Visitor: 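Questions regarding the structure given below will be posed in turn.
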Amino acid sequence: MDARRRDASPGVSWPARGQEPPRVRARAAHRHGCDPVVPAAKSAVRIGGRDVTLSNQDKVLWPAEGYTKGDLVKYYRSVAEWLLPHLRDRPLTLQRYPDGIDGPSFFEKQKPCFTPEWIATVKADASYSNGASKKIEYLLCNDEATLVWCANLASIVLHIWYSRAQSLDSPDFAFFDLDPFDCTVKTLATVALELRDTLEELGLHPLIKTSGGSGLHVVVPLRPLYDYDTVKAFGEIIARQIAHVRPKETTLERSIARRNKGTVYLDYVQVGRGKTMVPTFGVRARAGAPVSTPLDWSDVQALARKRASDPEVEFARFTMKNTPARLKREGDLWAGKHWREAKLEPAIKKAKRLWNQ
DNA sequence: TGCAAGG
DNA sequence: CCTTGCAGTAATTTC
DNA sequence: GAAATT
Ligand SMILES: [Mn+2]
Ligand SMILES: [Mn+2]
């Protein structure tokens, strides 16, 4: 299927193949000294000893805000110090928007053929459950130069595995994906707190962030000792328990048509080998250029007391524009002592004792 | 989007 | 140096 | 084979 129409906004027809918007080539040469400096179509930067060629830095990717590809590159560069630790050694999927957020996008897992040789990669089996054994050579974004190179490809959204190259089959966190289905922030936050209390009861210490969209991501750092099946099974046990305790506010129904409005979809299916999530400080291809941002649990408690409001609107306050300053001011809320790696066996044992038989 | 080909 | 045209880009799980 | 998800 052609992705060309899939991601374009409803009602907006995007030009067919070969009819994309003309590429502007502004020229920096042959201008008078007093003329305004027009950004060159191509430029080069040296980052950590690597030369990265940048192209079309003035191309607008967010039409409403006027944010350009140059702004995206500048953003990822400025948050590299805090973002890179989250990306390190994780197979990376790019979601590229060459014509901006209103145009079509495509995912890119296999390293492009023109990838510089200095970018780190890892080969991984494409499929795990079925027999097929196609190898994909994934990019690893381990330094600022690689991050900038990726951003220059109009990779607005980054997607990462839950495991790292050293232990590809063992996630180093359990992931709980909370997707609001037409529900309020109050409901979403209430469910998130129920999840937190449940995990704490099992001796685990979850962290929480916005997804950058309308949802929340809850994460329990783990020692990479368990395979994807185990971590997914654990996630399912928890999801079913939350759904049991909060039947009115949650759903486990994957089919949108069959979901009840006003609920939170507990998406435990989104855990597995080859599945991905948007990393902390990753940008989303949405209006306002929102950014996935760590929250304090006290923030979530405040949200649970708030009167009805739209999660997407609420979380839209964390953006590509204001995140660099926040990071320089406050750093990564998850950093340091917050990242305690847990073991899963005691939690599974306790969960069975509390809820089973 | 990058890039090869052609002018 | 510049313009034009072309190739190519995901995978998992559920229903 | 389509839908939903990232
Ligand atoms: Mn989600
Ligand atoms: Mn989801």
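Please read these numbers as outputs of a predicted model, since none were measured by experiment. Chain naming here is simple, since letters A, B, ... match the order of the sequence lines and numbering starts at 1 in each.
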Visitor: Using a 4.5 Å cut-off on heavy atoms from C-beta on, say whether the side chain of Ile101(A) contacts that of Arg284(A).
Guide: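 When only atoms from C-beta onward are counted, Ile101(A) and Arg284(A) do not touch, as no gap falls below 4.5 Å.
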Visitor: Mark yes or no: Arg90(A) above the aromatic ring of Tyr162(A), with NZ or CZ under 6.0 Å from the six-membered ring centre and no more than 45 degrees from the axis.
Guide: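 Geometry flag: not set, cation outside 6.0 Å or 45°.
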Visitor: Taking the side chain of Gln110(A) as its heavy atoms from C-beta onward, which of dA10(C), dG2(B), dT14(C) lies nearest to it?
Guide: dA10(C)
Visitor: Taking the same atom, P, in dG8(C) and in dA5(B), what whole-Å distance lies between them?
Guide: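 After rounding to an integer number of Å, I get 14 Å for this pair.
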Visitor: Specify the separation, in whole Å, of atom CD of Glu236(A) and atom P of dT13(C).
Guide: 12 Å
Visitor: Can you tell me how far P of dT12(C) sits from OH of Tyr162(A), to the nearest Å?
Guide: 13 Å
Visitor: Classify Val278(A) by what it touches in the nucleic acid, base, sugar-phosphate, or nothing, heavy-atom distance under 4.0 Å.
Guide: sugar-phosphate
Visitor: Mind calculating the distance between CZ (Arg259(A)) and P (dT14(C)) to the nearest angstrom?
Guide: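 Rounding to the nearest Å, CZ of Arg259(A) and P of dT14(C) are 14 Å apart.
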Visitor: Do Asn260(A) and Thr263(A) have side-chain atoms, one donor and one acceptor, less than 3.5 Å apart?
Guide: no
Visitor: Quick check for you: among dG2(B), dC15(C), dT5(D), whose closest atom lies nearest to any side-chain atom of Glu253(A)?
Guide: dC15(C)
Visitor: Which nucleotide in the set dT6(D), dG2(B), dT1(B) lies at the smallest distance from any side-chain heavy atom of Lys59(A)?
Guide: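 Ranking dT6(D), dG2(B), dT1(B) by closest atom to the Lys59(A) side chain puts dT1(B) first.
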Visitor: Go through the side-chain N and O atoms of Tyr97(A) and Ser155(A) and say whether any donor and acceptor fall under 3.5 Å apart.
Guide: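 Ser155(A) and Tyr97(A) do not have a side-chain donor-acceptor pair below 3.5 Å.
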Visitor: Are any of Lys69(A)'s side-chain N or O atoms less than 4.0 Å away from OP1 or OP2 of dT1(B)?
Guide: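 So the side chain of Lys69(A) is within the cut-off, an N or O lying under 4.0 Å from OP1 or OP2 of dT1(B).
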Visitor: Under a 3.5 Å threshold, yes or no: a donor from one side chain and an acceptor from the other, between Tyr268(A) and Arg240(A)?
Guide: yes
Visitor: Taking the six-membered ring for Trp and the single ring otherwise, decide whether the centroids of Phe176(A) and His217(A) are under 6.0 Å apart.
Guide: no
Visitor: Any side-chain N or O of Lys111(A) less than 4.0 Å from the OP1 or OP2 oxygen of dT9(C)?
Guide: no
Visitor: Write down the distance between CG (Asp179(A)) and P (dA3(D)), rounded to a whole number of angstrom.
Guide: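 Rounded to whole Å, this separation is 19 Å.
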Visitor: Using atom CG of Leu54(A) as one end and atom P of dG2(B) as the other, report the distance to the nearest whole Å.
Guide: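 Atom-to-atom, Leu54(A) to dG2(B), this comes out as 10 Å.
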Visitor: Using the side-chain heavy atoms of Lys275(A), tell me which of these nucleotides is nearest: dT5(D), dT12(C), dT1(B).
Guide: dT12(C)
Visitor: Roughly how many Å is it from OH in Tyr97(A) to C1' in dT6(D), rounded to a whole number?
Guide: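 To the nearest whole Å, that distance equals 10 Å.
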Visitor: Given dT1(B), is OP1 or OP2 found less than 4.0 Å from the side-chain N or O atoms of Asn56(A)?
Guide: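 It does, given that an N or O in the side chain of Asn56(A) lies less than 4.0 Å from OP1 or OP2 of dT1(B).
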Visitor: By nearest atom, which of the nucleotides dT6(D), dT1(B), dT14(C) is closest to the Lys232(A) side chain?
Guide: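 When the side chain of Lys232(A) is considered, dT14(C) is the closest of dT6(D), dT1(B), dT14(C).
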Visitor: Of the listed nucleotides (dT5(D), dA3(D), dA10(C)), which one gets closest to any side-chain atom of Ile136(A)?
Guide: dA10(C)
Visitor: Just to confirm, is there a sub-4.0 Å distance from OP1 or OP2 of dT6(D) to any side-chain nitrogen or oxygen of Lys109(A)?
Guide: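 So the side-chain polar atoms of Lys109(A) never come under 4.0 Å of the phosphate oxygens OP1 or OP2 of dT6(D).
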Visitor: Let's see if you can work this out: which of dC3(B), dA4(D), dT1(B) has an atom nearest to the side-chain heavy atoms of Arg96(A)?
Guide: dT1(B)
Visitor: Using the side-chain heavy atoms of Gln270(A), tell me which of these nucleotides is nearest: dG2(B), dT9(C), dT5(D).
Guide: dT5(D)
Visitor: Would you mind telling me which of dT14(C), dT1(B), dT6(D) lies closest to the side-chain atoms of Val269(A)?
Guide: dT14(C)
Visitor: Between dA10(C) atom P and Lys135(A) atom NZ, what is the distance in whole Å?
Guide: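 Rounded to the whole Å, the gap is 17 Å.
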Visitor: Select one nucleotide: of dT5(D), dC15(C), dT14(C), the one nearest the side-chain heavy atoms of Tyr265(A).
Guide: dT5(D)
Visitor: Just by modelled atom types, is the Val291(A) backbone N or O under 3.5 Å from a matching donor or acceptor in the Thr293(A) side chain?
Guide: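 Confirmed, Thr293(A) side chain pairs with Val291(A) backbone.
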Visitor: So which one's nearest nucleotide on DNA chain D is more toward 5', His217(A) or Arg254(A)?
Guide: Arg254(A)
Visitor: Quiz question: going by heavy-atom distance under 3.5 Å, is there a donor-acceptor pair between the base of dT1(B) and the side chain of Arg23(A)?
Guide: yes
Visitor: Would you indicate, yes or no, if dT6(D) has its OP1 or OP2 atom less than 4.0 angstrom from a side-chain nitrogen or oxygen of Ser211(A)?
Guide: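 Answer no for this pair, as no side-chain N or O of Ser211(A) is under 4.0 Å from OP1 or OP2.
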Visitor: Rounded to whole angstrom units, what separation is found between the CG atom of Leu158(A) and the P atom of dA10(C)?
Guide: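 Rounding to the nearest Å, CG of Leu158(A) and P of dA10(C) are 15 Å apart.
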